[in-house]
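Written out below as structure tokens is the structure these notes cover.
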2 protein chains.
Amino acid sequence: MRAINRFNVLDTIRRAGSIARIEISDRTQLSTTTVSAITASLLDDGLILARTEGDLREAAARGRPRVMLELNPDAARVVGAKIAANRMVFVVTDFRGEVLSTLTLALRVDRQPIGVIADLIEDGVRRCVVDANLALDEIDSVCLGLPGVIEHRTGHVRTSPIFRETGIDFAKEMSERLGVTTIVESDAHAITLAHHWFGKARDLDDVVLVSLEQTLGLGVLHGGQLFRGAGGLSHNLGDLVLGMGPQGTVRLASLAGESAILGDQPSGRFAEAIRLGRGMAHAKTLIDAEDNALISAAIRAGEACGMALANIVTLFAPPRVILVGSSLALGQPFLDSLREAYSLAIPPSIKGVTELVFDQSTDETWAQGAAVVALRELYESPWGTTGPAPAL
Amino acid sequence: MRAINRFNVLDTIRRAGSIARIEISDRTQLSTTTVSAITASLLDDGLILARTEGDLREAAARGRPRVMLELNPDAARVVGAKIAANRMVFVVTDFRGEVLSTLTLALRVDRQPIGVIADLIEDGVRRCVVDANLALDEIDSVCLGLPGVIEHRTGHVRTSPIFRETGIDFAKEMSERLGVTTIVESDAHAITLAHHWFGKARDLDDVVLVSLEQTLGLGVLHGGQLFRGAGGLSHNLGDLVLGMGPQGTVRLASLAGESAILGDQPSGRFAEAIRLGRGMAHAKTLIDAEDNALISAAIRAGEACGMALANIVTLFAPPRVILVGSSLALGQPFLDSLREAYSLAIPPSIKGVTELVFDQSTDETWAQGAAVVALRELYESPWGTTGPAPAL
DNA sequence: TTAGTTAATTCGCATTCCGTTAAAAATACC
DNA sequence: GGTATTTTTAACGGAATGCGAATTAACTAA
């Protein structure tokens with residue numbers, strides 16, 4: 001009971017940024033007494049701070065001024081990372097999820113042996129922590145956002161474009177290397193939570209996010225919780241089947257995946273750009289220069305995405321869908337054909353239910369999302385509940 | 001707190017059918033003291049009954065025999081209904097969900113004005129209640145399972161093949177007519193809960209159900225709760241887009257919907273069978289007689305369903321998928337092609353996660369499922385909690 | 001200075017749950 | 001019939017929680 005209310009109060013403070021006790025009691029429907037008790041214990045545990053200034057009511061406010069409460073940034077530190085095929089981005093954040101330091105490594109880890117990848121990640125985490133003027137033992141938790149099908153609950157990576165192997169217990173591997181609790185999560189889930197905390201889903205507890213990167217991912221937020229499959233499985237949109245062609249199934253990835261759009265670029269400047277993770281940006285300049293092959297690839301991809309998107313909306317009927325990922329950088333041809341295919345494919349019965357939002361988040365935001373995954377688990381953990389009774 | 005524990009105890013009793021207090025305490029992790037208190041209050045409220053016989057331990061059990069507790073069938077009565085285009089099935093059930101009376105009306109309500117349909121439903125409910133030797137004021141709740149896109153929370157029918165109009169507040173309409181709380185729910189959601197309580201999902205809290213009837217529906221059970229879209233929206237699988245043809249989008253319904261399989265049968269015995277709701281059964285006999293047109297239609301439908309199914313599994317990754325509905329009656333050609341398309345389309349990364357189960361439920365089961373929807377809401381309502389404190 | 005206003009805390013009360021212990025109930029074994 | 005065994009109920013104390021009312025705190029307005 002207390003644990004639940006504690007979490008609710010903490011989360012209310014987080015959402016508000018800065019809020020008085022009365023206001024908390026208003027929003028959580030708890031009595032001011034209870035709120036006072038809980039906030040006292042949170043203050044005691046150092047999870048929140050009180051600030052006397054900052055009462056934002058009408059200037060001519062009478063009565064005892066409110067004491068604003070906010071998260072204590074120093075209550076915890078976590079590392080979040082976005083691991084992609086050609087780059088890794090690490091962030092260290094404080095308890096609020098604010099970024100303290102960032103590190104981007106432009107590396108092609110694609111299909112390297114696990115050991116190598118783990119080495120690189122370990123290195124990145126350590127360096128990013130040092131950059132934040134911290135030591136590793138001051139970090140409470142690490143979360144790695146990976147593309148592919150991730151089983152968050154068990155820490156297994158079922159399949160991922162960056163691994164040759166399948167079914168790796170990567171959470172355990174990295175936990176042991178770092179000596180810090182490390183969890184894994186789908187990169188799409190990470191960016192979904194990033195939007196929930198800081199981005200375009202701040203006002204919603206139900207939202208669907210589609211990530212169009214090298215891998216096509218999906219994040220479904222339902223009642224403020226990530227919707228995960230059995231075992232905490234993440235989804236892989238790229239595996240969606242769009243049709244049966246003569247040579248087997250046609251999957252979304254084969255039309256709208258990065259390599260499908262950019263094609264095989266054996267060498268040259270384009271290939272170089274792709275290797276550096278600027279494939280889409282380069283493609284955009286080529287499209288602006290009217291490269292017809294690319295334009296038609298972008299249109300095909302947009303149509304496929306629009307169709308898949310309509311199907312997802314048909315199934316989940318969220319009030320908002322957020323589209324993110326490097327493919328958005330393709331610009332007009334891609335976006336227009338996506339929108340058109342979507343509006344053609346969306347069934348009339350749920351027209352108007354869902355709003356489409358596009359967002360070009362930076363890699364840092366993705367990593368921040370991974371940090372949020374880690375923070376959420378910290379929030380929910382019993383912490384040092386002042387009293388003896390731990391959570392059920 | 002009490003309300004939660006009460007509900008848990010009640011649900012534990014329901015699941016077990018018949019269970020001793022000790023066993024409840026075991027399963028719910030509540031102390032025997034608490035269980036005793038709660039069961040006493042439940043007995044007091046007449047929601048459960050004690051039975052001395054029925055201790056199923058080893059015959060040579062010593063000590064005080066267990067007192068088995070079970071739901072009091074007479075604690076409540078609800079009506080559940082399945083409304084389809086060519087028939088209506090009503091059931092009256094007791095508090096346990098056991099059927100007390102059934103009524104099937106073979107009527108073509110398809111596209112009639114609302115008033116007419118409402119008249120027929122009202123009539124059916126009243127007759128079925130009378131058949132159970134009850135009066136309408138002894139009924140606690142009514143739930144109508146309808147095809148189409150239903151907004152359970154608001155009681156609105158967004159679109160349904162049986163209505164010409166869209167966006168009808170049908171729950172309100174029927175509540176007023178009957179003078180009994182009436183709720184609406186997607187028929188697919190109803191059958192999903194029926195399977196959860198009585199059928200092939202009794203052992204699971206996460207399952208996906210696909211209903212292949214005139215309309216293609218979907219029910220997703222997640223953590224024992226129905227997954228509903230925004231506003232309690234139900235899903236309509238038939239609206240899934242399988243591809244973009246020359247004349248616009250190709251939806252699943254156009255390949256695997258009833259009319260797509262059976263084709264336009266202007267007149268004759270087949271047309272008559274369809275009108276009577278035996279279209280699929282008749283089709284089966286024709287298929288057995290090697291009607292090539294029908295066989296290929298069934299195969300096309302099976303392929304489309306298998307593909308769509310694979311996509312759903314890709315998105316939800318449930319441990320089990322249950323397929324129900326009249327189309328299953330088509331037999332081999334349909335099922336084989338479905339299975340084949342499914343196994344072709346299912347991505348290797350989640351192979352083995354999901355088990356396919358086919359089930360030919362009777363219409364009565366669907367109606368029973370609607371009754372379950374009503375019962376679940378009764379279970380969760382505060383009831384006459386003995387103590388003063390109501391639910392939060 | 002005083003009265004008024006709003007915020008936060010303190011205090012007392014009721015509820016709920018758990019654990020322990022004990023007793024009562026209902027049967028089997030000897 | 002007595003004893004052992006097991007389930008259920010009952011009683012008491014302790015602890016945690018949440019709420020309402022009263023109280024204190026801090027400030028504004030006159």
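Letters go in sequence order (proteins before strands), and every chain restarts at 1.
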Pairing of [X] and [Y] as salt bridge, 4.0 angstrom limit:
X: B:Arg21; Y: B:Asp26; value: no
X: A:Asp74; Y: A:Arg77; value: yes
X: B:Asp169; Y: B:Arg153; value: no
X: A:Glu185; Y: A:Arg228; value: yes

For this session: Tell me whether the guanidinium CZ or amine NZ of A:Arg202 lies under 6.0 angstrom from the six-membered ring centre of A:Trp197 and within 45° of its axis.
Result: no
Check this one for me: any side-chain N or O of [X] less than 4.0 Å away from OP1 or OP2 of [N]?
X: A:Ser36; N: C:dA8; answer: no
X: A:Thr34; N: D:dC19; answer: yes
X: A:Arg21; N: C:dT9; answer: yes
X: A:Asn5; N: D:dT17; answer: no

For this session: Check every strand shown and say whether A:Ala37 touches a base, only sugar-phosphate, or nothing at a heavy-atom separation below 4.0 Å.
Result: nothing
Provide, to the nearest angstrom, the distance between the [atom1] atom belonging to [X] and the [atom2] atom belonging to [N].
X: A:Ile24; N: C:dA7; atom1: CD1; atom2: P; answer: 13 Å
X: B:Leu30; N: D:dT9; atom1: CG; atom2: C1'; answer: 17 Å
X: A:Leu43; N: C:dT9; atom1: CG; atom2: C1'; answer: 13 Å
X: B:Arg6; N: C:dT15; atom1: CZ; atom2: C1'; answer: 15 Å
X: A:Asp26; N: C:dA7; atom1: CG; atom2: P; answer: 10 Å
X: A:Gln29; N: D:dG18; atom1: CD; atom2: P; answer: 14 Å
X: B:Ile22; N: D:dT8; atom1: CD1; atom2: P; answer: 6 Å
X: B:Leu69; N: D:dT9; atom1: CG; atom2: C1'; answer: 13 Å

Problem set entry | Minimum-distance nucleotide (side-chain atoms of B:Thr33 versus C:dA8, C:dG19, C:dT10) | C:dG19
Seminar exercise, completed: Ranking C:dA8, D:dC19, C:dG19 by distance to the side chain of B:Ser31, first place goes to C:dG19
